[in-house]
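Computed from heavy atoms alone, side chains included, the values below leave out hydrogens, waters and symmetry copies.
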Amino acid sequence: MAGHGASLLLLLGLMPALLLAVRINSKGREVLYLAKGDSVKLGCPYVLEPEDNGPQGVGIEWIQITPERPGPENVFLSYHDHHVNYGSGSGLQDRVAFVQNDPSQYDASIRLADLQVSDTGTYQCRVKKNTVAVHEVIVTVQEKPATPQCWTEGEVIEGSSILLRCYSRGGTSPLAYQWAKLADGYGGGRLPSGTIQGRAPGDLLIRSLSEVHAGIYQCRVTNRVGYSVCQLNLSLVPSCAPAAGGRQAGIIVGSILGSLLLLSLLGLLIWALICRYRRKECQRACSDCRSSTGGTMTRTCNVCAHHSYSPHGISYMQCQHGDGDERAAALMCNEGIRHQVACPAL
């Protein structure tokens, strides 16, 4: 019995040393999803047990653990003997600080500013006294969805079908797209009947357009860390009225056809005047040729009097007479057919 009593007294004497000297007041491991560029507070409040009355000061370390940087532990911020020390090589030195000016006053929380995707990792807070208390925060930094673009495909005419499209060119996947019809431009509302999800995630198909579909539509793109929106105004055109683009195209086509017709008529007029002038010149030249030779041509008299233009079936002839050698060659045009006939004697 004496031996058992001595053992019990020894155990009671050692119990204060076995008690946890430091305890962190946090709920286990935290998991945070944060947006690039944001700031965050990583909490690490702690208490000292009454049994810890030793002269040793409190030591605090913050460690970053990332898969991209295996190797020795990266202590990027620490506190010991009333001094704050910043580590190197993590890229956090200029963006991290203790929340309290004196971390020994039961709060080892820190604040990270201007978060980057490369800051993703596990952050471990260690508070040392006679023992060590550890708290972990898993941080995932993602990019918010970039501002999307909204547009329509198809004619916005009553009774037709139209496709509302929405697409974001940036942001960490997965991205979720959601369309809503705004009520008087304020807040979200239900989609009217006749709207269904399109093939692409950001597509909304509206069938049998009517006045109930007119209004402002908003596309919202979200992921774990944020959202972005775009809007478009859907204004219907009555089915009996042509669209503005169709009217403009009709005006352009009509102008082009009118110009071509005017140019064609002008060309025909000029051609008729030229033919008339050449016919008169031909008749005058033939008359001068006959009168100058007195029936006997001692010089060549070449007269061109044949024209393809014959509005009334009138035939024109070409006659050539040389010195002592009469050559006859004539072309007569009737109803578009050329015939060779004898040239009359001079």
Side-chain angles (χ1 to χ4, degrees), residues 16-145 170-174 223-227:
L18 296 175
L19 293 175
L20 184 62
V22 180
R23 178 167 52 87
I24 295 177
N25 292 332
S26 294
K27 295 181 180 180
R29 176 182 292 182
E30 294 183 71
V31 178
L32 302 177
Y33 286 89
L34 304 168
K36 178 182 177 181
D38 286 353
S39 298
V40 64
K41 175 184 174 181
L42 303 183
C44 189
Y46 63 91
V47 295
L48 298 178
E49 298 294 345
E51 292 78 5
D52 189 5
N53 296 320
Q56 182 180 358
V58 175
I60 300 171
E61 291 181 346
W62 274 94
I63 299 169
Q64 183 190 39
I65 304 172
T66 58
E68 292 77 11
R69 287 190 290 268
E73 293 181 341
N74 176 26
V75 181
F76 62 89
L77 185 64
S78 62
Y79 174 84
H80 187 69
D81 291 336
H82 304 285
H83 289 89
V84 177
N85 301 307
Y86 294 89
S88 60
S90 64
L92 300 173
Q93 297 89 331
D94 299 331
R95 299 184 286 119
V96 65
F98 283 107
V99 174
Q100 300 293 336
N101 293 330
D102 186 1
S104 66
Q105 298 302 311
Y106 313 109
D107 191 359
S109 303
I110 63 173
R111 184 173 299 279
L112 287 175
D114 190 21
L115 289 171
Q116 303 298 312
V117 176
S118 59
D119 296 337
T120 297
T122 301
Y123 291 79
Q124 195 175 87
C125 173
R126 296 180 182 177
V127 182
K128 302 178 181 179
K129 185 67 172 176
N130 293 330
T131 56
V132 179
V134 178
H135 175 61
E136 287 187 347
V137 183
I138 298 176
V139 174
T140 301
V141 183
Q142 298 181 342
E143 293 188 21
K144 293 180 181 179
T172 303
S173 299
N223 63 5
R224 285 181 177 268
V225 297
Y227 69 93

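Looking at every heavy atom in both residues, Ala35 comes nearest to Leu115 through O-CB, 4.1 Å. Shortest non-hydrogen contact noted between Val99 and Arg111 is CG2-N, 4.1 Å. The two residues Val127 and Cys44 make their nearest non-hydrogen contact at CG2-SG, 4.1 Å. Nearest heavy-atom pair, Asn223 versus Pro145, reported as atom, atom and distance to 0.1 Å: OD1-CD, 3.4 Å.
Remark: Phe98 CZ is packed, more than 12 non-hydrogen atoms of other residues, nucleotides or ligands lying under 6.0 Å away.
At distances below 3.5 Å, at least one donor-acceptor pair connects side-chain atoms of Gln93 with backbone N or O atoms of Gly91. Asn74 places no side-chain N or O within donor-acceptor distance of the main-chain N or O of Gln64, the cut-off being under 3.5 Å. A donor-acceptor pair under 3.5 Å links the side-chain atoms of Thr120 to the main chain of Val141, judged by distance alone. Here the side chain of Asp81 pairs no donor or acceptor atom with the backbone of His83 at under 3.5 angstrom. Looking at Ser78, its side chain never comes within 3.5 Å of a backbone N or O of Ile60 through a donor-acceptor pair.
The CG atom of Leu34 sits 12.5 Å away from atom CD of Gln116, with the distance rounded to the nearest 0.5 Å. In this structure, OH in Tyr46 is found 10.0 Å from OG in Ser109, a value given to the nearest 0.5 Å. Atom-to-atom distance recorded for Ser173:OG and Glu143:CD is 10.5 Å, nearest 0.5 angstrom. Atom CD of Gln100 and atom CD1 of Ile110 lie 13.5 Å apart (nearest 0.5 Å). With rounding to the nearest 0.5 Å, the separation of NZ in Lys129 from OG in Ser104 is 9.5 Å. Within the model, atoms OG1 of Thr140 and CZ of Arg224 stand 8.0 Å from one another, a figure rounded to the nearest 0.5 Å.
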### Message
As a quick check of understanding, evaluate side chain to side chain contact (heavy atoms under 4.5 Å, CB included) for Tyr86 and Leu77, giving each step before the final call.
### Response
CA-CA 5 Å; Tyr86 294 89; Leu77 185 64; 3.5 Å; yes
#### Entry: Stepwise side-chain hydrogen bond (donor to acceptor under 3.5 Å, both in side chains) test for Glu30 and His135
CA-CA 9 Å; Glu30 294 183 71; His135 175 61; 3.1 Å; yes
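Using a 4.5 Å cut-off on side-chain heavy atoms (C-beta onward), Asp102 and Tyr79 make contact. With contacts defined as side-chain heavy-atom distances shorter than 4.5 Å, the pair Val75/Asn85 does not qualify. Residues Val40 and Leu32 are in side-chain contact: their nearest non-hydrogen atoms beyond the backbone lie under 4.5 Å apart. At a threshold of 4.5 Å between non-hydrogen side-chain atoms, the residues Leu112 and Val139 do not count as touching. Counting heavy atoms from C-beta outward, Trp62 and Leu42 have side chains that approach closer than 4.5 Å. Residues Gln142 and Lys36 fail the side-chain proximity criterion, which asks for heavy atoms closer than 4.5 Å. Between Leu92 and Tyr123, some side-chain heavy-atom pair lies under the 4.5 Å cut-off. Looking at heavy atoms from C-beta onward, His80 lies out of side-chain contact with Lys128 at the 4.5 angstrom threshold.
Here the options are Asp119, Asp38, Asp114, the test is salt bridge (charged side-chain N to carboxylate O under 4.0 Å, His left out), and the partner is Arg95; only Asp119 passes.
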